[in-house]
Amino acid sequence: MADNRVDTENTGDDKGHGDDKGKGDGSDKGRPPAYVPAHGLLAGRTAVLTAAAGTGIGGATARRFLEEGARIVVSDAHPRRLAETGAALAAEFGARAVTALPCDVTDETQVRALFARTAEEHGGLDIVVNNAGLGGTAALVEMTDAQWDRVLDVTLNGTFRCVRAALRSFRAAGRPGVIVNNSSVLGWRAQAGQAHYAAAKAGVMALTRCAAIEAAEYGVRVNAVAPSLAAHPHLVKVTSAELLGELTAREAFGRSAEPWEIANAIVFLASDYSSYLTGETVSVSSQRA
């Protein structure tokens with residue numbers, strides 16, 4: 001399922017790279033930092049990324065992985081957007097580095113097909129990034145079963161399906177690997193109208209911890225990131241300026257995250273620099289404190 005959330009968590013625009021003005025003098029609060037150059041941290045690795053054809057964290061992570069030397073299998077539930085994203089990335093990074101495969105994470109058949117085709121076309125995989133999530137706003141007293149079920153099926157159940165498929169693939173291949181799940185600070189804190197989404201993201205955190213214990217037997221690490229507010233063009237269209245201002249004011253740096261800043265944390269968790277880290281959820285914000 002695509003990362004088509006319209007609330008304020010886990011969304012972003014991977015185009016804003018910022019600058020380095022005011023660095024170190026305290027005047028850079030509220031200004032994005034300079035884009036960090038690649039260091040080949042994922043060279044030679046094959047990665048599957050779900051819901052990665054949008055302009056948010058998934059898309060930024062796909063680009064960041066390619067910059068770091070990985071081959072990627074980018075998936076999404078929206079065929080047209082997936083085709084456009086795959087073509088654009090292939091034109092920039094080379095056709096051999098990018099494979100685009102459709103996948104709706106609420107459909108077990110499609111999830112199995114995604115991992116089977118990755119194994120067939122690339123001889124296996126090394127990294128899986130579970131980015132698919134769905135949100136919305138609804139008061140509990142007005143929330144329908146359908147609203148609750150839909151958010152949990154995409155956000156929690158979809159992550160479960162992909163974690164399970166990834167572990168089966170790693171186990172069958174007898175090779176170590178890494179899984180990174182996309183959670184949210186709402187898995188820790190409370191926000192009105194977000195009971196379904198917060199429950200789903202807290203579930204992703206618990207799934208990450210439990211999966212890590214089981215996955216250790218296969219040499220697989222499982223971690224998660226928990227972003228808070230990340231900028232996204234669609235977010236501006238569907239959210240009032242007042243609410244965006246309130247959410248931004250909660251952030252220690254006085255600004256929303258750039259999606260590539262979240263992607264950088266995912267790269268770290270996917271790389272050998274985090275070789276002894278598993279079962280953890282890394283808060284990519286100040287809101288865990």
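Start at 1 with the first residue, then count along the sequence.
In this structure, OH on Y218 lies 12.5 Å from OG on S169, to the nearest 0.5 angstrom. The distance from atom CG of N264 to atom OG of S271, rounded to the nearest 0.5 Å, is 11.0 Å. Once rounded to the nearest 0.5 Å, the distance linking NE2 of H39 with CD of E67 reads 12.0 Å. Expressed to the nearest 0.5 Å, how far CG of L125 lies from CZ of R71 amounts to 10.5 Å. Going from atom OG of S256 over to atom CG of L229 covers 5.0 Å, rounded to the nearest 0.5 Å. How far OG of S75 is from CG of L101: 7.5 Å, rounded to the nearest 0.5 Å.
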For a side chain to side chain contact (heavy atoms under 4.5 Å, CB included) check, start with the C-alpha distance between R80 and E84, then their side-chain angles and the critical distance, and finish with the verdict. CA-CA 6 Å; R80 179 187 58 79; E84 292 173 352; 3.1 Å; yes

Is there a side chain to side chain contact (heavy atoms under 4.5 Å, CB included) between D76 and T85 once you walk through the steps? CA-CA 10 Å; D76 202 280; T85 298; over 6 Å; no

Can you check salt bridge (charged side-chain N to carboxylate O under 4.0 Å, His left out) on E217 and R171, steps first, answer last? CA-CA 9 Å; E217 177 182 349; R171 182 181 64 178; over 6 Å; no

Criterion side chain to side chain contact (heavy atoms under 4.5 Å, CB included) on L186 and R189, from CA distance to verdict: CA-CA 5 Å; L186 280 182; R189 64 176 176 81; 3.5 Å; yes

Show your reasoning for whether side chain to side chain contact (heavy atoms under 4.5 Å, CB included) applies to N182 and V225. CA-CA 5 Å; N182 196 350; V225 293; 3.7 Å; yes

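The side-chain heavy atoms of L277 and N223, taken from C-beta on, include a pair separated by under 4.5 Å. Residues D153 and R161 form a side-chain contact, since some pair of their non-hydrogen atoms from C-beta on lies under 4.5 Å apart. A 4.5 Å side-chain heavy-atom check between N130 and V128 finds at least one atom pair inside the cut-off. Side-chain contact between T208 and S183: absent, with no pair of heavy atoms (C-beta onward) separated by less than 4.5 Å. Considering only heavy atoms from C-beta on, I127 comes within 4.5 Å of F65 through its side chain. When side chains are defined from C-beta on, R64 counts as touching V36, because their heavy atoms get closer than 4.5 Å. Using a 4.5 Å heavy-atom threshold, the side chains of I72 and T99 count as separate. The shortest side-chain heavy-atom distance between H196 and M143 falls under the 4.5 Å cut-off.
Placement of F170 and V48 within a single hydrophobic cluster is found when ILVMFWY residues are connected by side-chain heavy-atom separations under 4.5 Å, directly or transitively. Put simply, V204 and I213 are part of two different groups of oily side chains (I, L, V, M, F, W, Y) that touch within less than 4.5 Å, one to the next. Under the 4.5 Å side-chain heavy-atom criterion for ILVMFWY residues, no single connected hydrophobic cluster contains both L156 and V163.
Residues A51 and A132 come closest through the heavy atom pair CB-CA, 3.5 Å. Listed here is the closest heavy atom pair of L269 and V180: CB-CG2, 3.9 Å. Nearest approach of S228 to E251, heavy atoms of both residues: OG-OE2, 2.9 Å. Between Y197 and G135, the shortest heavy-atom contact is CD1-CA, 3.9 Å. When all heavy atoms of D126 and R45 are compared, the closest pair comes out as OD2-CA, 3.4 Å. Between P176 and G219, the shortest heavy-atom distance links the atoms CB-O, 3.1 Å.
Although no hydrogens or angles enter the test, the distance criterion places a donor-acceptor pair under 3.5 Å between the side chain of R221 and the main chain of S274. Not one N or O on the side chain of E68 forms a donor-acceptor pair closer than 3.5 Å with the backbone of L42. Listed for the T155 side chain is a donor-acceptor partner under 3.5 Å among the backbone atoms of L134. The main-chain N or O of R209 is never found under 3.5 Å from a side-chain atom of E280 such that the two would form a donor-acceptor pair. With Q147 contributing its side chain and T144 its backbone, the two residues share a donor-acceptor pair below 3.5 Å.
A donor atom on one side chain and an acceptor atom on the other are not found under 3.5 Å apart for Q110 and R112. With hydrogens and angles left out, the side-chain atoms of T50 and N131 include no donor and acceptor closer than 3.5 Å. R255 and T248 share no side-chain donor-acceptor pair at under 3.5 Å. Remark: the Y35 side chain and the E261 side chain contain no N/O donor-acceptor pair separated by less than 3.5 Å.
More than 12 heavy atoms of other shown residues, nucleotides or ligands fall within 6.0 angstrom of atom CD in E121.
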